[in-house]
Amino acid sequence: MNLEELATHLRQALGVQQKQDIQIAARYLQPHFAQPDSILLGDDCAAIPDGDGYLLLAAEGIWPQLIETDPWFAGWCAVMVNVSDIYAMGGRPLAVVDTIWHQPHTNSDALWAGMLAASQAYQVPIVGGHSNHHSPYDALSVAILGRSNSLLSSFKARPGDVVLMAIDLRGRSHPHYPFWNATQEAPPERLRADLSLLPQLAESGFCDAAKDISMGGVMGTLLMLLEASRCGAVLDLAAVPRPAEIPLEHWLLFFPSYGFLLSVRPDQVAAVQAEFRAQELVCEAIAHLQPSPQLLLRHKDEETLFWDLSEQPLTGFSAPIPL
C-alpha cells in the first residue's frame, strides 16, 4: 500500500467517519456557545470554571456490539474511557454514574462486574445513575465528574508545537476489535500512577494541550486536536510508536487503553518525554504543527494531503476566532 492508498484507506475508516457525526451536535450547540468566554465545546470534557480550577464533566456511550459479545469488557471500558478523558484534560476523577438498559431475558451481571472492577482499579466510585430492566435493547453509558487545577485542552495547541504520542505498549490486541489492551492485566497502582502524569504535567507548566486517543485512533484524534486549535500538522508515519505485530494501516486506527497526544512547546519536549519514560511508557515526537489547517502525511521522502479542515470540517467544533 503506497502513501496515497494509505491516506484513502484511513479517510474511509469507520472510526474517522463517525467523528463527522459530531457535526450534528455542533450544528445545534455551537451557536449558543460562540462567545470567547463561553465553555468551549469539543474537548474531551466540558471544563466548567469552579473557583480557582475547573469541574470536568464527560460521558461515553458504549458500542452495542461490544456489550453483546464481551459484556464484562464493555463494563470495564465504560469506566476506563471516562477516567481517561478526565486525565487527558489535566484533571483527577471524582465519581461516575451509569445508565444501564437491558432486555428482561438478558443478564447484566457481567456488565456490572466489569464496571465495578474498573471502579476499584482506578479508585473512582460509582455513585448513582439509572437502570431499566425492561428495555427492548441492551445499552450502557457512563458519565463522569472530575476536577482540574490546570487544564490540558484541545484548544491550546499552537503552530510550532511538537506533537508527542504517549502510549503504553505493554499490552496486547483484543482478539476481535481494534483495541490495544494495556490496562486489564496491569497492576492498579501502575495504572493510576501512569494517568497521574497528565495533571502533574499540566500543573508543572510543561504542557497545556492534550487529547485522549479515542475511537478513530491517532488519525481521528489528531484531526480533532487540529480542528479545535485551528491549525495543521505534518504527521511523520515512521515516527509513530506501535507494536511490531500490528501493521501501520491498522494501528493508526486503534483505540489504545492508555494513549494521549500532547501538543508541546519545543523547549519542553525533552522534559515531557522524560516524565513518561521514567514510568516505562513510550513517548515519541510524531508531528509538528503549522498554521495552515491541513493534516499532511509524510513517510520517508513522500508526502500527501490527508485532510484539509478549511474545506472539510471533522466535528464542527473549533475555538472561536478572536475579534
Side-chain angles (χ1 to χ4, degrees), residues 1-27 29-30 40-44 88 153-167 178 209-242 246-256 259-264 284-321:
M1 182 181 297
N2 62 36
L3 190 58
E4 290 290 345
E5 291 171 337
L6 176 61
T8 299
H9 164 74
L10 296 171
R11 278 193 292 267
Q12 294 174 347
L14 180 62
V16 174
Q17 292 182 352
Q18 286 178 331
K19 296 294 186 188
Q20 296 178 78
D21 294 344
I22 301 172
Q23 292 181 31
I24 298 171
R27 186 167 68 246
L29 296 177
Q30 191 82 303
L40 295 177
L41 302 181
D43 225 326
D44 287 306
S153 172
S154 304
F155 298 95
K156 294 183 179 180
R158 304 175 190 169
D161 281 1
V162 177
V163 177
L164 299 179
M165 179 176 173
I167 191 162
K211 199 156 190 68
D212 172 43
I213 300 176
S214 60
M215 297 298 291
V218 172
M219 302 310 302
T221 303
L222 180 54
L223 270 177
M224 292 177 77
L225 176 66
L226 299 178
E227 184 177 39
S229 289
R230 294 185 180 273
C231 52
V234 179
L235 173 62
D236 182 359
L237 296 175
V240 176
R242 64 183 172 94
I246 301 179
L248 179 65
E249 63 267 26
H250 299 323
W251 179 247
L252 290 170
L253 300 167
F254 257 58
F255 183 9
F260 301 91
L261 298 182
L262 300 95
S263 188
V264 182
E284 298 296 337
I286 65 168
H288 289 79
L289 297 196
Q290 58 186 17
S292 176
Q294 298 174 327
L295 176 55
L296 304 175
L297 304 185
R298 178 179 293 163
H299 186 64
K300 298 180 180 178
D301 296 328
E302 292 184 83
E303 190 171 281
T304 191
L305 174 64
F306 176 69
W307 203 286
D308 188 338
L309 287 162
S310 67
E311 297 182 357
Q312 183 181 7
L314 184 70
T315 69
F317 285 119
S318 56
I321 299 175

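Everything numeric here is computed off the predicted structure, so don't read it as measured data. In this chain, residues are counted from 1 in sequence order.
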Inset, instruction - Give the C-alpha distance, both sets of side-chain angles, the deciding distance and a yes or no for side chain to side chain donor-acceptor pair (under 3.5 Å) between Thr221 and Lys211. - result: CA-CA 7 Å; Thr221 303; Lys211 199 156 190 68; over 6 Å; no

Inset, instruction - Check whether any side-chain N or O of Asn2 sits under 3.5 Å from a backbone N or O of Glu4 as a donor-acceptor pair, and report yes or no. - result: yes

Legend entry - Sub-4.5 Å side-chain heavy-atom contact between Leu226 and Leu289: yes

Legend entry - Side chain to side chain, Met224 and Ile22, heavy atoms closer than 4.5 Å: yes

Inset, instruction - Evaluate side-chain contact (heavy atoms from CB on, under 4.5 Å) for Met219 paired with Phe306, printing each intermediate quantity in order. - result: CA-CA 9 Å; Met219 302 310 302; Phe306 176 69; 3.7 Å; yes

Legend entry - Partners passing side-chain hydrogen bond (donor to acceptor under 3.5 Å, both in side chains) against Asp161 (at least two apart in sequence or in another chain): Ser263, Arg265

Legend entry - Leu235 side chain near Val240 side chain, heavy-atom distance below 4.5 Å: yes

Inset, instruction - Kindly write out the residues that satisfy salt bridge (Lys or Arg N to Asp or Glu O under 4.0 Å) with Glu249, not counting sequence neighbours, or none if the list is empty. - result: none

Legend entry - salt bridge (charged side-chain N to carboxylate O under 4.0 Å, His left out) pairs, two or more places apart, involving residues 13-26: none

Inset, instruction - Check whether any side-chain N or O of Asp212 sits under 3.5 Å from a backbone N or O of Ala88 as a donor-acceptor pair, and report yes or no. - result: no

Inset, instruction - Applying side-chain hydrogen bond (donor to acceptor under 3.5 Å, both in side chains) between Thr315 and each of Glu227, Gln20, Gln23, report the one that passes. - result: Glu227

Legend entry - Residues in side-chain hydrogen bond (donor to acceptor under 3.5 Å, both in side chains) contact with Ser153, at least two apart in sequence or another chain: Asp43

Legend entry - Sub-4.5 Å side-chain heavy-atom contact between Pro256 and Val218: no

Inset, instruction - Could I get the full list of side-chain hydrogen bond (donor to acceptor under 3.5 Å, both in side chains) partners for Glu302, not counting sequence neighbours? - result: none

Inset, instruction - Sequence neighbours left out, what passes side-chain hydrogen bond (donor to acceptor under 3.5 Å, both in side chains) with Arg298? Give chain and number order. - result: Glu303

Inset, instruction - State, with a plain yes or no, whether a side-chain heavy atom of Leu297 is found less than 4.5 Å away from one of Leu3. - result: yes

